[in-house]
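Have a look at the structure below, then the notes.
Given the structure is predicted, the values throughout are model-derived calculations rather than measurements. A, B, ... follow the sequence lines: proteins, then strands. Residue 1 opens every chain.
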Protein chains: 2
Amino acid sequence: MTTDTLSLTFSALADPTRRAILARLARGQVSVTDLAKPFEMTMPAVSKHLKVLEKAGLIERARDAQWRPARLQAKPLKDVSEYLERYRKNWEESYDRLDEYLREIQQKPKDKGAKPGKKKEN
Amino acid sequence: MTTDTLSLTFSALADPTRRAILARLARGQVSVTDLAKPFEMTMPAVSKHLKVLEKAGLIERARDAQWRPARLQAKPLKDVSEYLERYRKNWEESYDRLDEYLREIQQKPKDKGAKPGKKKEN
């Protein structure tokens, strides 16, 4: 149903094991056998995760029939990062509002009398 | 099963309608009725998407029982953006490799004789 590229990428990333596999592959290509080791997973389970990552274009499998190491393809991660940039002003604004709120509540005690141990600035 | 925060966010973003809702909310808070209009969706369908977004902390619904406008919460998007930063060197490296490859194939004609119309540089 959701076959657009961004949806495929987000869907592939929505699993901690798949993110751990990507983190491992970011350090270099690995065989499926070596990938499976730290996860204590069966080979079919690892293969299933790799298929999801491959479909999303996040990894590439070598054609070599015997070893077929997996390699990270970072382009979809770059695309997601670029997609998120349009919201940067939103999260920066919300931090500005938090700052404003913190300033506000720090100023309040002054109106009702200074807090003990806090110097009056004006 | 996958209830960690990042997985929830990625999962919520893995749908083009939910991303369109977020894009609309990035411009300001909207009632569910107004949100539904451009999507030609039923109210229950929109409500279902809003529930997924709310569970992922990507939106907040006002407590006002009558109107309950939805508002974007950009913090999870910031977290995803920060998560992706660890892969920046990977996608930048792959662009470096592409540059290298392009330089290589542009130099090749020289070895086999200059292309017509292309000046020899050395």
Are there residues of residues 75-84 of chain B whose heavy atoms fall under 4.5 Å of chain A's heavy atoms? If so, which? B:K75, B:L77, B:K78, B:V80, B:S81, B:Y83, B:L84
A:L22 vs B:Y87, test: side-chain contact (heavy atoms from CB on, under 4.5 Å). Steps then yes/no. CA-CA 9 Å; A:L22 287 184; B:Y87 293 102; 3.7 Å; yes
Given that the side chain runs from C-beta out, which part of A:R19 has a heavy atom under 4.5 Å from chain B: side chain, backbone, both or neither? both
Path from A:I59 to A:V52 over hydrophobic side-chain contacts below 4.5 Å: no
Rounded to the nearest 0.5 Å, the CG atom of A:L6 sits from the CG atom of B:D15 at a distance of 11.5 Å
Common cluster, A:F10/B:L8, ILVMFWY with side-chain heavy-atom separation under 4.5 Å: no
Tell me, for A:A23 versus chain B, whether the close heavy atoms (under 4.5 Å) come from the side chain, the backbone, both or neither. both
For the residue pair A:P16 and B:S7, establish whether any side-chain heavy-atom pair is separated by less than 4.5 Å. yes
Around atom CD of B:E85, are there more than 12 heavy atoms from other residues, nucleotides or ligands closer than 6.0 Å? yes
Mark yes or no for whether B:N90, through its side chain, and A:A26, through its backbone, hold a donor-acceptor pair below 3.5 Å. yes
In terms of hydrophobic clusters joined by side-chain contacts under 4.5 Å, are B:M41 and B:I21 together? yes
How many angstroms lie between CG in B:L13 and OG in A:S11, if you round to the nearest 0.5 Å? 11.0 Å
Would you say A:F39 and A:L53 are hydrophobically clustered, going by side-chain heavy atoms of ILVMFWY under 4.5 Å? yes
